[in-house]
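One-based numbering, in listed order, for ligands and for the atoms of each.
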Amino acid sequence: MSFPSQQLLQLSSWIEVPAQSDFPIQNLPMGIFSEANTALRAATRIGDTIIDLAALQAIGLLENLSLPPNIFAQATLNNFIKTGKKSWSALRQRLLEIFDKENPELRDNAAAREKVLFSMENVRMHLPVSVGDYTDFYASKEHATNVGIMFRGKENALMPNWLHLPVGYHGRASSVLVSGTPVRRPMGQMRPDATQPPVFGATRLLDFEVEMAYIAAQGKPLGERISTAEAEDYIFGLSVFNDWSARDIQSWEYVPLGPFLGKNFASSLAPWIVSLEALEPFRVAAPEPVEPLLPYLQYKGKKAFDIHLEVLLKTPQGEQQSIAKTNFKYMYWTIAQQMAHHTINGCNINAGDILASGTISGSTPDSYGSMLELTWRGQNPLLLADGSMRKFLEDGDTLTIKAWAEKDGLRIGLGEVSGEILPAFPYDESQ
Ligand code: MN
């Protein structure tokens, strides 16, 4: 089958889709919403219209899918994710049918439409999954090289293991926040002057990391493993992710066990999860491996995705402006390799777990995925349109990451993840 197929491209919905929308009928992302004082429930989206999946099931339009009753009348997608890949795909096919402009089932039923459709303006989006575990990788060769040069010098930039395995660590699941939630500047211990003792205070080097999160399906039991060939069956979808980082806390604390308080104060997730099925037309080959790979990390086929990412910064005084553009396809280690590596020791994966790619940087300075790299640790501050300079993020700044794929007139977007920096919580040294 060739993608995008003519049939897929020609589909259009009876719901209006604004030009350049991230959400044509071909997308059908999933999220959790509420409106007014009603309960949280599952939704998809076409254009700027929210489609209440709980209501769609309640009025009988999803009857032939053999889904458990009230599977969408829940505050997270975890239980729906557990129904498995065939079930997700069957839902997608049925939604393509119901919202096809030729289908009168819901289109011509005003009373039913009233129950099912909401304007994006009138709803609130929530964290789409209950995150049991969150793993962060370090899978961009350009990013790992840049950070390595800054933290350890050019000779030791890429550690000896880096080209042989996807390096990762276990992050903090309970501080994963939905887009729009403000982020407090963390305080902590750091050593800004290597000849002096460490000091305590608010981080001075607050940063973002452009990442792609992939939401896991229910994996295999503890002790078993998932191969690169099977890996994508265990991925419910992709979502844009910002792994906020305090570089001064991080660089002092990380030896020898890795990231801790410099990372676990907040990570932000976009509200929409886009399926691999919707992203199928945008598959591309990943970069060729530099070193031969052990068999468990080898794979066949195109396992990377051509997804554009753009970083936008809004200062308290200025307009939002673009500060970097990168692409998910630059990642050295694919999501299939990351999943296979994660489970090669028998580690289990649960529905709703987040695996994140690590910072996505390209090869040119305007494609770097963090302030650390964009300003080269503050040496080359960004000059913004409002005349202000930025080495790192300041209080009142709002950082937004957008992601979208585009080909042959088809645009499938992942929406955006955004967060404003609040000043550090007051600290009383006498307490
Ligand atoms: Mn990260």
Side-chain angles (χ1 to χ4, degrees), residues 131 133-152 157-159 161-162 165-179 181 183 185-186 188 203 205-216 238-255 257-270 307 309 311 324 326-328 330-335 337-339 341-342 353-362 367-375 377 392-393 399-401 403 414 417-419 421:
V131 187
D133 278 299
Y134 152 45
T135 303
D136 197 28
F137 285 92
Y138 192 53
S140 154
K141 185 158 163 270
E142 289 80 2
H143 172 71
T145 304
N146 288 339
V147 174
I149 290 171
M150 283 182 263
F151 280 34
R152 287 181 297 273
L158 225 45
M159 298 299 265
N161 60 0
W162 202 92
L165 56 84
V167 171
Y169 71 97
H170 284 295
R172 183 86 186 161
S174 57
S175 54
V176 174
L177 311 169
V178 71
S179 175
T181 312
V183 171
R185 176 177 300 273
T203 176
L205 310 186
L206 184 56
D207 203 353
F208 63 87
E209 290 190 336
V210 175
E211 302 202 15
M212 193 66 74
Y214 41 115
I215 313 305
L238 304 186
S239 193
V240 201
F241 194 66
N242 179 356
D243 182 27
W244 303 96
S245 300
R247 300 302 181 190
D248 36 12
I249 297 173
Q250 182 187 354
S251 61
W252 172 232
E253 75 176 356
Y254 87 106
V255 184
L257 290 186
F260 188 34
L261 305 179
K263 295 280 189 176
N264 68 5
F265 58 95
S267 315
S268 298
L269 183 73
I307 300 174
L309 294 138
V311 185
T326 184
N327 196 301
F328 188 40
Y330 300 146
M331 301 305 283
Y332 185 85
W333 295 103
T334 64
I335 56 180
Q337 289 172 310
Q338 291 171 35
M339 179 69 87
H341 184 67
H342 201 312
D353 286 357
I354 291 180
L355 283 70
S357 61
T359 309
I360 303 166
S361 290
S367 65
Y368 292 165
S370 62
M371 291 297 272
L372 180 70
E373 296 164 272
L374 287 168
T375 70
R377 214 176 193 175
F392 286 89
L393 298 173
L399 197 287
T400 302
I401 307 168
L414 289 86
V417 61
S418 190
I421 309 296

*Output, by chain and residue number, all protein N/O/S atoms separated from the Mn ion (ligand 1) by less than 2.8 Å.*
Asp136 OD2, Glu209 OE1, Glu211 OE2, Asp243 OD2
*Are Glu209 and Lys263 close enough for a salt bridge, meaning some N to O gap below 4.0 Å?*
yes
*Taking everything shown except Tyr254 itself, do over 12 heavy atoms lie less than 6.0 Å from its OH?*
yes
*asked:* Test your reading of the model: is there a side-chain donor-acceptor pair from Ser239 to the backbone of Leu269, 3.5 Å cut-off?
replied: no
*asked:* Is it the case that atom CZ in Arg377 sees more than 12 heavy atoms from other parts of the structure closer than 6.0 Å?
replied: yes
*Without swapping roles, check the side chain of Glu253 against the backbone of Gly262 for a donor-acceptor pair under 3.5 Å.*
yes
*Is the closest side-chain heavy-atom distance between Phe392 and Leu372 below 4.5 Å?*
yes
